[in-house]
Chemist: 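Here you go, one structure.
Within every chain, numbering begins at 1; the chains are lettered A, B, ... in the order of the sequence lines, protein sequences first and strands thereafter. This structure is a prediction, so every number in the text was calculated from the model and none was measured.
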2 protein chains.
Amino acid sequence: MPKQTKKRDTGCPIAFALDTFGDRWSLLVIRDMAFKGFQSYNQFLNSEEKIATNVLADRLAELEELGIISKLTDPADGRRHLYVLTSKGIALLPVLIEMMQWSAQYDVNTIVKPEILSRIVHDREAFITQLREKIINRQALLAPMSRA
Amino acid sequence: MPKQTKKRDTGCPIAFALDTFGDRWSLLVIRDMAFKGFQSYNQFLNSEEKIATNVLADRLAELEELGIISKLTDPADGRRHLYVLTSKGIALLPVLIEMMQWSAQYDVNTIVKPEILSRIVHDREAFITQLREKIINRQALLAPMSRA
DNA sequence: ATTTTAACTTGCTTTATGCAAGTTAAAATT
DNA sequence: AATTTTAACTTGCATAAAGCAAGTTAAAAT
């Protein structure tokens with residue numbers, strides 16, 4: 001039950017991006033990982049937007065196959081799988097941030113705090129760099145390969 | 001036959017963006033308008049990715065309702081409708097550009113030319129500003145209200 | 001040894017997408 | 001003026017994806 005069997009593969013960067021994460025759920029999983037620090041199936045499942053179990057399983061497999069995330073078994077609990085963003089996934093941060101800025105401007109119900117919007121507008125690069133490092137530090141604790 | 005009846009409306013900016021253009025087609029129509037200068041139904045229809053007629057009609061209506069585009073009748077040809085980006089639609093340019101940059105990096109078949117990628121990386125703001133002005137100038141020719 | 005928990009899978013219903021053909025009104029051609 | 005062509009759709013039906021409830025498996029906790 002995949003999101004889309006037909007990949008467009010025209011070389012167009014917008015089409016490529018849409019084929020990668022242009023569906024109703026993929027980017028929400030990435031958001032949960034990037035902004036909320038979520039790492040496990042049940043965390044994603046209990047996220048506010050209530051993704052269906054089969055769809056979540058499918059998206060995680062798909063994102064892994066696309067190299068956006070990787071899956072590892074929790075060393076402390078063999079039942080639990082931990083999902084982390086790869087560098088390819090972390091590289092989506094600027095896209096997410098631009099979406100944030102746009103939505104903060106046009107969604108009257110936005111939860112984006114004015115001071116966050118202001119930081120994005122006036123100090124974008126630094127904001128993204130900080131976020132990136134936060135993610136990398138969080139993940140460094142459990143990705144064995146990153147510790148040489 | 002809408003894209004999605006259920007809007008999530010959680011206040012989350014990522015969810016809001018996805019509810020607006022997080023489907024397989026909306027952003028391609030916006031791309032056609034922003035980058036290719038397309039303005040009519042048939043131009044969108046004949047675009048490389050081959051959107052279905054009913055889906056195109058639906059997306060155009062939806063984008064108009066969301067205030068991303070507006071529809072006007074061609075003064076020179078009463079059969080033809082012209083679609084133009086609103087300021088809300090033009091404000092999506094940064095999102096599109098970040099997607100371009102990401103895809104240019106990760107799609108081995110990207111059509112993004114190295115010099116374009118380079119401009120985005122090194123001169124992002126100016127690049128976006130130029131694009132924005134190009135769009136506004138193109139549209140100014142036919143949007144009666146913008147000519148005071 | 002039994003129960004609970006985490007991560008799924010399966011089957012079925014609903015919704016969205018895809019495709020071919022048909023409609024309407026305005027413009028161009030004869 | 002009548003006919004054909006063109007632009008922008010709509011309609012009906014098939015296929016595919018998403019949503020929902022229930023069931024399975026293996027590891028951890030009791």
Side-chain angles (χ1 to χ4, degrees), chain A residues 1-8 10 15 18-29 32-33 38-66 69-84 142, chain B residues 1-10 15 18-29 32-33 38-65 69-84 142:
Chain A
M1 345 160 142
K3 165 181 63 177
Q4 77 225 140
T5 336
K6 289 179 195 165
K7 301 280 171 191
R8 275 164 291 223
T10 57
L18 290 173
D19 284 343
T20 307
F21 54 80
D23 72 292
R24 210 171 148 63
W25 295 107
S26 299
L27 220 52
L28 289 183
V29 172
D32 283 349
M33 299 177 83
F38 287 3
Q39 300 183 312
S40 70
Y41 182 93
N42 272 319
Q43 286 180 304
F44 302 133
L45 200 63
N46 295 324
S47 205
E48 192 175 12
E49 291 88 358
K50 298 299 162 203
I51 188 172
T53 57
N54 54 345
V55 176
L56 174 56
D58 177 74
R59 287 312 114 87
L60 288 170
E62 197 165 64
L63 288 172
E64 196 191 3
E65 200 165 38
L66 290 167
I69 65 177
S70 27
K71 179 184 188 170
L72 33 108
T73 300
D74 189 340
D77 183 342
R79 290 170 299 181
R80 176 174 276 127
H81 298 150
L82 297 174
Y83 295 92
V84 295
L142 35 88
Chain B
M1 348 162 137
K3 163 182 65 177
Q4 78 226 136
T5 337
K6 288 179 195 166
K7 301 280 171 191
R8 275 164 292 222
D9 192 31
T10 57
L18 290 172
D19 284 343
T20 307
F21 53 80
D23 71 291
R24 210 171 148 63
W25 294 108
S26 299
L27 220 52
L28 289 182
V29 172
D32 283 349
M33 299 176 85
F38 287 4
Q39 299 183 312
S40 71
Y41 183 93
N42 272 317
Q43 286 180 306
F44 302 133
L45 201 63
N46 295 324
S47 206
E48 191 175 12
E49 291 89 356
K50 300 298 161 202
I51 186 170
T53 56
N54 55 344
V55 176
L56 175 57
D58 177 74
R59 289 309 116 89
L60 288 170
E62 197 165 66
L63 288 172
E64 197 192 2
E65 200 165 38
I69 65 177
S70 22
K71 181 185 189 171
L72 33 108
T73 300
D74 189 339
D77 183 342
R79 290 171 299 182
R80 176 174 274 127
H81 298 151
L82 297 173
Y83 294 93
V84 295
L142 35 88

Chemist: Whole-Å distance between C:dT5 P and A:D77 CG?
Modeler: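 To the nearest whole Å, that distance equals 12 Å.
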Chemist: Is the phosphate of C:dC8, meaning OP1 or OP2, less than 4.0 Å from a side-chain N or O of A:K71?
Modeler: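 The answer is yes; a side-chain N or O of A:K71 sits under 4.0 Å from OP1 or OP2.
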Chemist: Please test B:D19 against A:R24 for salt bridge (Lys or Arg N to Asp or Glu O under 4.0 Å), starting from the C-alpha separation and ending with a verdict.
Modeler: CA-CA 8 Å; B:D19 284 343; A:R24 210 171 148 63; 3.4 Å; yes
Chemist: Using side-chain contact (heavy atoms from CB on, under 4.5 Å) as the criterion, point out the one residue from B:I69, B:L63, B:L72 that pairs with B:Y83.
Modeler: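 So, applying the side-chain contact (heavy atoms from CB on, under 4.5 Å) to B:Y83 and each of B:I69, B:L63, B:L72, only B:I69 qualifies.
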Chemist: Looking only at the side chain of B:Y41 (C-beta and beyond, no hydrogens), which of the listed nucleotides D:dA28, D:dC9, D:dG19 gets closest?
Modeler: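 The answer is D:dC9.
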Chemist: Does A:W25 put a side-chain nitrogen or oxygen below 4.0 Å from OP1 or OP2 of D:dA17?
Modeler: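 Result: no.
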Chemist: Would you indicate whether the side-chain heavy atoms of B:Q4 and B:D23 approach each other to under 4.5 Å?
Modeler: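 Heavy-atom side-chain distance check fails, nothing below 4.5 Å.
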Chemist: Only Watson-Crick and G-U wobble pairs, only distances under 3.5 Å, only runs of 3 or more: what stems does that leave for DNA chain D?
Modeler: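 For DNA chain D the paired stretches long enough to count as stems (3 pairs minimum) are C:1-30 with D:1-30.
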Chemist: Quick check on D:dT6: is either OP1 or OP2 less than 4.0 Å from any side-chain nitrogen or oxygen of B:R79?
Modeler: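 B:R79 to D:dT6 OP1/OP2: no side-chain N or O under 4.0 Å.
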Chemist: OP1, OP2 of C:dA6 versus side-chain N and O of A:H81: anything below 4.0 Å?
Modeler: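 For A:H81, the contact criterion (side-chain N or O under 4.0 Å from OP1 or OP2 of C:dA6) is not met.
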Chemist: Check this for me: does any side-chain nitrogen of one of B:K7 and B:D9 sit under 4.0 Å from a carboxylate oxygen of the other?
Modeler: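 Judged by the 4.0 Å cut-off on N to carboxylate O distance, B:K7 and B:D9 do not form a salt bridge.
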Chemist: Whether A:R24 contacts C:dT15 is assessed here as follows: a side-chain N or O lying under 4.0 Å from the phosphate OP1 or OP2. Is that the case?
Modeler: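 Checking C:dT15 against A:R24, no side-chain N or O comes under 4.0 Å of OP1 or OP2.
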Chemist: Strictly below 4.0 Å: does B:N54 bring a side-chain N or O up to OP1 or OP2 of D:dT10?
Modeler: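 Checking B:N54 against D:dT10: no side-chain N or O falls below 4.0 Å of OP1 or OP2.
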Chemist: By nearest nucleotide on DNA chain D, pick out whichever of A:G78 and A:K50 is the more 5' one.
Modeler: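 Its nearest nucleotide lies further toward 5', so the answer is A:K50.
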Chemist: Using only side-chain N and O atoms of B:Y83, determine if any of them is under 4.0 Å from OP1 or OP2 of D:dA7.
Modeler: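 No, no such contact exists.
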Chemist: Please enumerate all residues that pass salt bridge (charged side-chain N to carboxylate O under 4.0 Å, His left out) together with B:E62, with sequence neighbours excluded.
Modeler: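 B:E62 satisfies salt bridge (charged side-chain N to carboxylate O under 4.0 Å, His left out) with B:K3, B:R59 only.
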Chemist: Report yes if the side chains of B:H81 and B:D74 come closer than 4.5 Å at any heavy-atom pair, otherwise no.
Modeler: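 With C-beta onward as the side chain, the pair stays apart.
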Chemist: Given D:dA18, is OP1 or OP2 found less than 4.0 Å from the side-chain N or O atoms of B:K3?
Modeler: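 No, outside the criterion.
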Chemist: State which of D:dA18, D:dC9, C:dA7 makes the closest approach to the side chain of A:R80.
Modeler: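 Of all the options, the side chain of A:R80 is nearest to C:dA7.
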Chemist: For B:D23 and D:dA17, give me the distance from atom CG to atom C1', rounded to whole Å.
Modeler: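 Checked: the CG to C1' distance equals 13 Å.
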Chemist: Rounded to the nearest angstrom, tell me the gap between atom CG in B:L45 and atom P in D:dA7.
Modeler: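 Answer to the nearest Å: 11 Å.
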Chemist: Using a 4.5 Å cut-off on heavy atoms from C-beta on, say whether the side chain of A:V29 contacts that of A:L60.
Modeler: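 They are in contact (side-chain heavy atoms under 4.5 Å apart), so the answer is yes.
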